[in-house]
Each structure stands twice: as structure tokens, then as C-alpha cells.
Amino acid sequence: MSSQKKSNQLPQKATHPLKPQAFADIVLQWQALHGRHDLPWQQPATPYRVLVSEIMLQQTQVSTVIPYFQRWLQAFPDLHSLANAEEDQVMALWQGLGYYSRARNLQKAAQYLTQEYQGEFPNSLTELEQIPGVGRYTAGAIRSFAFDDYGPIVDGNVRRLFCRFFAIAGAPLSSAVNKQLWQLAEQFTPQNNNRAFAQGLLDLGATVCTPKKPNCNDCPLQSNCIAFQQSRVDEFPNPKPKKTIPLRQGHFIWRVENSQIWLQRRPESGIWARLWSLPEVDGVPKGASLVGEFQHTFSHYKLQAKVWQHDHTHLQEPDANYVDHHWLPLEALDSVGLPTPIRQFLQAQLQAER
DNA sequence: GAACCGTGGAT
DNA sequence: TATCCAAGGTT
């Protein structure tokens with residue numbers, strides 16, 4: 001048999017009667033009338049501003065990003081100022097946005113582009129993907145938004161819109177579906193008007209083809225949407241398999257003396273990497289009294305934290321064991337990056353002690 | 001391929 | 001309150 005290759009198990013290739021250029025024309029016409037044209041990073045859409053916004057927007061809503069983007073551009077108006085910035089200032093400006101490796105990668109990206117490309121941006125998708133923190137989506141977004149060149153994108157919006165428009169079944173994040181989505185994105189992305197086309201796809205997904213209760217009656221693609229034609233819009237994308245997240249315990253140390261607080265720079269890897277934090281310890285410290293508790297839910301586990309205060313006999317610290325620990329004046333707290341729940345606890349506690 | 005990596009908005 | 005999920009990338 002020539003079909004030892006189990007071809008019947010391969011994902012069905014999505015097809016559609018609508019020609020790519022016709023699809024693009026519909027998206028472009030809708031974008032001109034109903035799309036978003038006044039987002040901060042659209043005016044002007046310089047490569048640097050597009051890079052910063054795209055990294056911030058990864059897994060983060062537009063409304064959350066806007067104030068961070070404004071503050072960032074104020075502090076780091078260009079690639080060189082970011083490349084030469086202090087790490088603590090970078091992390092302080094990112095605190096609260098989450099996924100902190102994005103911030104460190106963004107500074108690495110600035111240093112990389114400064115050193116390897118003399119502060120210019122490469123134009124090819126392959127070269128763009130070499131930039132730290134830039135993957136396939138972000139490379140396509142930079143090419144579309146910054147250069148108005150051909151740059152296919154598949155993000156959550158495109159994934160949802162395409163799964164409905166082409167009636168693609170299967171786990172939406174599986175490699176099989178992902179492969180189809182990227183193939184379709186490459187096929188249906190036009191050669192011209194790429195900035196408006198990419199913005200149109202995202203805006204359609206964000207404002208019309210929404211996760212719940214999509215506004216199909218406002219959609220310019222309605223009559224061509226396979227899921228709509230079959231009255232199965234609510235079936236796509238297929239529901240993601242849900243996972244239960246584990247519960248973990250955490251223990252932190254509270255020491256405030258002489259208007260200073262004892263902090264630890266967290267390790268290179270793991271949660272809150274390289275942010276400043278209350279020092280974390282493995283278990284309940286000896287002779288400690290409970291100062292307070294907090295809970296925090298991450299994407300992949302839930303943390304139940306207790307904060308402990310030593311009794312006063314442990315004031316001398318052997319320096320070698322605390323290389324990443326420092327006393328920080330309380331008035332300097334705003335100049336370093338702290339994890340959100342740590343900052344919240346700290347503010348509440350200091351308020352209570354006053 | 002799967003796990004890891006944050007936080008907040010929306011319902 | 002619980003759940004989903006947001007302009008994803010890296011390990």
C-alpha cells in the first residue's frame with residue numbers, strides 16, 4: 001500500500017470558495033469604516049513603537065497596555081535609551097503587566113538590534129524572529145504594522161475568526177490546527193495594504209467575532225462564514241481541554257527597620273524572575289510570628305502565602321548567604337519592580353502599621 | 001509536546 | 001465566585 005503514511009489521520013485541509021483577494025478586500029473595506037485607527041502605537045507606527053506595543057500586548061488586553069505603553073515611551077523614547085537603561089528601571093516600568101521575561105527580552109532586543117543592526121530593524125520574517133522575545137506572530141505583526149509589508153499573523157483573534165470562518169474542528173491550540181491556521185494566514189494575507197489588513201483582522205476578532213456572543217449581524221464576512229452558514233458559530237473554536245491547577249504554599253519574611261525593608265532579588269528563573277520581593281523561605285521559620293497572609297492565582301498554580309516575622313535575635317545576617325538581599329529605603333520602593341501581590345501586601349501592611 | 005510564565009477584564 | 005482568555009514566546 002502506498003498509504004502506509006496514515007494519510008486519513010492527517011488534519012483535513014481547510015478550504016474556502018472565497019478567493020484570498022476577495023477576503024482581503026472585505027476586511028480592508030470594513031477596517032476603513034469600523035476599525036481602530038487611534039491606538040497609541042498607531043501614531044506613528046514606527047518599528048520601535050510597534051515592537052514595544054506588540055511585546056506588551058502578548059496575552060494582555062489593549063486597555064491594560066495603553067498606560068504602560070505611554071509611560072514606557074516617556075522613559076525610553078527609542079532603542080538606544082532602552083538598550084542603555086538600568087534593569088531596575090525597566091522592571092519598575094513593567095511591574096504589574098506580568099510575564100516579566102517579556103521586559104527583559106525587550107531590553108535584550110534593543111541591545112541586539114543596536115549591536116547587530118546598528119539600531120535599525122531587519123525587514124525579513126526570518127531575521128525578525130531572531131530578535132529576543134519575537135516569535136512567529138510578533139515577526140508578522142512588525143512586518144505588517146511597521147513596514148506595511150507581507151506579514152501573516154495568527155493570534156487569539158485570528159485563531160477564533162478563522163476557526164469559525166473555515167469551520168476548523170479540533171483543539172484550537174493543537175499543532176494540527178495551528179498548522180492549518182498558519183497555512184491559511186499565509187494564503188489569505190494579501191501582498192498590499194498589509195498594515196490595514198492585519199489591523200482589520202485583529203479589530204474584527206476583538207470587536208465583532210468575539211469569544212462570547214459574537215456580533216454576526218455586524219460582520220462583513222457573515223455570508224461567507226462556514227460556521228454561520230451551518231448555524232454552528234458557537235461550536236468554534238472547539239472548547240479547550242480544561243486543566244485543574246495545583247495549590248502551593250509559600251512563606252515570606254517581613255523585616256522593616258529604620259524605615260527600610262529587607263528584600264530579596266528573586267532567582268534568574270521561575271516565577272517573578274529577577275524581581276524584588278519579600279525574601280521567600282522553604283518553610284515556617286523558627287520562632288516566627290505570623291504577620292499576615294495572602295492568596296494569588298497564577299496561570300498554572302494557586303499560591304497560598306504566609307508572611308512571617310522573626311523574633312529579634314536574628315538580626316545579624318551572614319553576608320555570603322544573602323548576596324541577593326538588600327535593605328531598601330521605603331521611599332525607594334517605587335523605583336524597583338515588585339510582584340503585584342507582594343506590593344499589595346506590603347502597602348496594606350505598612351498602612352496598618354502607621 | 002507540554003509546561004512554564006502574570007495579571008486583570010469580562011461575564 | 002468561578003471561569004475564560006487576552007496582538008505568545010521560551011524551555
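Letters A, B, ... are given to chains in the order of the sequence lines, protein chains preceding strands, and every chain is numbered from 1.
A search for side chain to side chain contact (heavy atoms under 4.5 Å, CB included) contacts involving A/D78 returns A/H80, A/S81, not counting sequence neighbours. Residues satisfying the ring pair (Phe, Tyr, Trp, His ring centres under 6.0 Å) criterion with A/H296, sequence neighbours excluded, are A/F298. The side-chain hydrogen bond (donor to acceptor under 3.5 Å, both in side chains) test applied to A/H34 returns no partner, not counting sequence neighbours. With sequence neighbours excluded, the residues that form a side chain to side chain contact (heavy atoms under 4.5 Å, CB included) with A/T189 are A/Y150, A/P152, A/N194, A/F197. In this structure, A/W41 has no side-chain hydrogen bond (donor to acceptor under 3.5 Å, both in side chains) partners at least two apart in sequence or on a different chain.
Going from atom CZ of A/R274 over to atom P of C/dT10 covers 19 Å, rounded to whole Å. Between the C1' atom of C/dG9 and the CG atom of A/L51 lies a distance of 13 Å, rounded to the nearest Å. We find that CG of A/L57 is positioned 15 Å from C1' of B/dG6, with the value rounded to whole Å. With rounding to whole Å, A/I66 atom CD1 is found 14 Å from B/dG8 atom C1'.
No engagement by A/G205 is indicated, since no non-hydrogen atom pair under 4.0 Å with the nucleic acid exists. Contact annotation for A/E129: no contact, since no heavy-atom pair falls under 4.0 Å across all strands. At the heavy-atom level, A/L202 lies under 4.0 Å from base atoms of the strands shown. Heavy atoms of A/W41 sit under 4.0 angstrom from at least one base atom. If you check every strand for non-hydrogen atoms under 4.0 Å, A/V65 touches nothing.
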N/O to N/O distances under 3.5 Å, protein versus nucleotides 9-11 of chain B:
unit_1	atom_1	unit_2	atom_2	d
B/dG9	O4'	A/Q61	OE1	3.1

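Residues A/K108 and A/N105 meet the side-chain proximity criterion, which asks for heavy atoms closer than 4.5 Å. Contact annotation: the side chain of A/Q222 approaches that of A/N217 to within less than 4.5 Å [non-hydrogen atoms, C-beta and beyond]. In this structure, A/F294 and A/V307 have side chains that are in contact, with non-hydrogen atoms separated by less than 4.5 Å. At least one side-chain heavy atom of A/E87 sits less than 4.5 Å from a side-chain heavy atom of A/R274.
The nucleotide whose nearest atom lies closest to any side-chain atom of A/H296 is, among C/dG8, B/dC5, B/dT7, B/dT7. Out of B/dG6, B/dG1, C/dC5, the shortest distance to the side chain of A/T60 is found at B/dG6.
Both A/Q59 and A/S174 sit near DNA chain B, but only A/S174 has its closest nucleotide nearer the 5' end. Mapping A/F298 and A/K243 onto DNA chain B by nearest heavy atom places A/K243 closer to the 5' end of the strand.
Tracing side-chain contacts under 4.5 Å through hydrophobic residues (I, L, V, M, F, W, Y), one never reaches A/V233 starting from A/L204; they form parts of separate clusters.
The list of salt bridge (charged side-chain N to carboxylate O under 4.0 Å, His left out) pairs with a residue in residues 123-135 of chain A, not counting sequence neighbours, is empty.
The aromatic rings of A/F23 and A/F165 stand perpendicular to each other, their planes meeting at an angle above 60°, with 30° marking the opposite boundary.
For residues 136-164 of chain A, proximity to DNA chain C is found at A/R136, A/Y137, A/T138, A/D155, A/G156, A/N157, A/R160, defined as any non-hydrogen atom under 4.0 angstrom from a strand atom. Residues from residues 231-242 of chain A lying near DNA chain C, meaning a heavy-atom separation below 4.0 Å, are A/K240, A/K242 in numerical order. Shown for residues 95-116 of chain A: no residue has heavy atoms falling under 4.0 angstrom of DNA chain C. DNA chain B is contacted by A/P339, A/T340, A/P341 of residues 332-349 of chain A, taking any non-hydrogen atom closer than 4.0 Å.
At the phosphate of B/dC5, OP1 or OP2 sits under 4.0 Å from a side-chain N or O atom of A/H300. A/W182 has no side-chain polar atom (N or O) that falls below the 4.0 Å cut-off from OP1 or OP2 of C/dG8.
When the options A/H37, A/R36, A/Q199 are evaluated for a side-chain hydrogen bond (donor to acceptor under 3.5 Å, both in side chains) with A/Q42, the one that passes is A/Q199.
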Quick one: side chains of residues 62-76 of chain A, donor-acceptor pairs under 3.5 Å with protein atoms, not counting sequence neighbours, listed by atom name and distance.
unit_1	atom_1	unit_2	atom_2	d
A/Y68	OH	A/Q95	O	2.9
A/W72	NE1	A/Y48	OH	3.4

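Side-chain polar atoms of A/D25 and A/Q21 form a donor-acceptor pair below 3.5 angstrom.
The distance from the CD atom of A/Q130 to the CD atom of A/E116 is 10.5 Å, given to the nearest 0.5 Å.
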